[in-house]
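Okay, so here's the structure we're looking at.
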Amino acid sequence: MDQKEVLFDYILHLADNSMIIGQRNSEWCGHGPVLEQDIALTNIALDLIGEARSLYQYAAEIKGGNCTEDSLPFLRDIREFRNLLLVEQPNTDWAYTIVRQFFFDVFHYLVNKDILDNSNDLRLKEIAAKTIKESTYHLKWSSEWVIRLGDGTDISKLKMQTAVDDLWDFTGELFILSETEQKAMDLGFGADLKKAEQLWHEKVKEILNEACLTIPSTDFAQQGGKTGIHSEHFGYILAEMQFMQRAYPGLEW
Amino acid sequence: MTNKEWPLWEVFIRAKQGLNHKHVGSLHAADQTMAIENARDVYTRRMEGVSIWVVESKYIHANEPSEQDALFDPANDKVYRHPTFYILPEELNHM
């Protein structure tokens, strides 16, 4: 991979993370447990899809040709998506959705913070500057829900602990560097994941402790998303997300 | 399983620095922290505000609608309470 290809692939990884978790959260639209949280989660979904859009625009400019901000999310196939396995996991219930969001928010915040502070790519820094404000709020929101439900009733605690235990297997992948991430770091535009890993564990520990939840002791890490090996859920996400463009190519509205 | 409704909160938003907080509506939330976050998400999505106040609706006391006549009608014919009998200097435009 030359530098341009690394940058393109790295941007796709960032964009796909936000796009897919945004798509997942948007499934809650109209189904939230209460009106206020339905709106809150939809706002978050829109923030993330908006961020993905900025990144896809950048990626499309690098790629050139027929590539556009729309063709990237709507016309690529499963193996070409670079997102983490964590973000494609199903909503299941409110506890899973909150825990998934919390694990992602901490990661998302740290990656963008490092890009903002240290990246040598001006465009990535600009996008990160906007993202970090949104991400700060997302993290506050999900942290408070983790604490509220973890340190809540017996039932809410049980549901949260189950979600933490199940989703924990997908958190190892966050910090296992793909070839692209390693090169992006070496070239000076990618986030430093070694530093982020330590900070992620500190923050997660702090919040889960406050929430009276137990951090799983397993080291097992389910991985593959960053290189295009996705879980069985992913095809269904794309089927729904891409249906219009697949059925009616070039459709606009 | 207990199914308790969250309490109702009234939301006040200040649109700009220097203006007063204005009542914009109400929402449900479990406590004050959640109420402010919910207010942020429900009432400031289109840049409506720079500051949020919330107060639990039960702490707002209102007059009895049945006392309407006794409370408000007596002011009706007290026209002298409006400062309309003064001659204002030309320079004063915003009285």
Side-chain angles (χ1 to χ4, degrees), chain A residues 22 25-26 28-51 93-95 97-98 101-102 105 109 130 133-160 162 207 210-212, chain B residues 1-68 71-72:
Chain A
N25 287 341
S26 74
W28 274 103
C29 186
H31 302 274
V34 293
L35 174 80
E36 291 83 355
Q37 294 307 323
D38 193 300
I39 297 174
L41 197 52
T42 310
N43 282 352
I44 291 172
L46 285 173
D47 285 347
L48 291 164
I49 292 170
E51 180 209 348
D93 61 16
W94 188 250
T97 303
I98 293 296
Q101 191 64 36
F102 171 64
D105 287 342
Y109 175 85
K130 178 165 183 284
K133 290 185 194 164
E134 297 169 342
S135 180
T136 302
Y137 183 75
H138 301 167
L139 179 56
K140 177 172 147 68
W141 179 87
S142 60
S143 299
E144 274 170 18
W145 270 105
V146 168
I147 294 164
R148 194 181 297 283
L149 294 177
D151 191 15
T153 65
D154 290 346
I155 292 173
S156 73
K157 185 186 169 69
L158 178 68
K159 287 188 170 187
M160 290 299 280
T162 307
I207 299 295
E210 199 176 336
C212 307
Chain B
M1 206 171 111
T2 49
N3 190 8
K4 275 175 76 180
E5 280 284 325
W6 290 340
L8 192 67
W9 299 73
E10 300 301 322
V11 181
F12 301 82
I13 305 277
R14 163 185 279 168
K16 269 192 227 152
Q17 297 297 353
L19 295 182
N20 50 345
H21 285 74
K22 238 177 122 179
H23 184 241
V24 292
S26 55
L27 50 75
H28 288 93
D31 56 30
Q32 61 270 43
T33 311
M34 194 198 278
I36 289 176
E37 286 183 9
N38 286 353
R40 181 264 190 193
D41 284 321
V42 176
Y43 292 111
T44 67
R45 306 171 66 219
R46 300 178 186 87
M47 309 205 33
E48 291 95 335
V50 295
S51 167
I52 299 170
W53 285 355
V54 292
V55 61
E56 226 183 305
S57 306
K58 70 178 180 189
Y59 293 118
I60 292 186
H61 303 278
N63 69 284
E64 290 289 337
S66 60
E67 296 174 331
Q68 203 77 355
L71 287 178
F72 305 118

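Lettering of chains follows the sequences in order, A, B, ..., and the numbering in each one begins at 1.
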If you define the side chain from C-beta out and look only at heavy atoms, does anything of [X] sit under 4.5 Å from [Y]?
{"X": "W28(A)", "Y": "T42(A)", "answer": "no"}
{"X": "T97(A)", "Y": "W145(A)", "answer": "no"}
{"X": "F72(B)", "Y": "N63(B)", "answer": "yes"}
{"X": "Y137(A)", "Y": "D47(A)", "answer": "no"}

Notebook entry, point to check: In residues 35-50 of chain B, which residues are in contact with chain A at a heavy-atom separation under 4.5 Å?
Noted result: E37(B), N38(B), R40(B), D41(B), V42(B), R45(B)
Check: Is the H21(B) ring parallel, tilted or perpendicular to the W53(B) ring (thresholds 30°, 60°)?
Finding: parallel
Item checked: Minimal non-hydrogen separation, H138(A) against D105(A), with atom names -> O-OD2, 3.0 Å
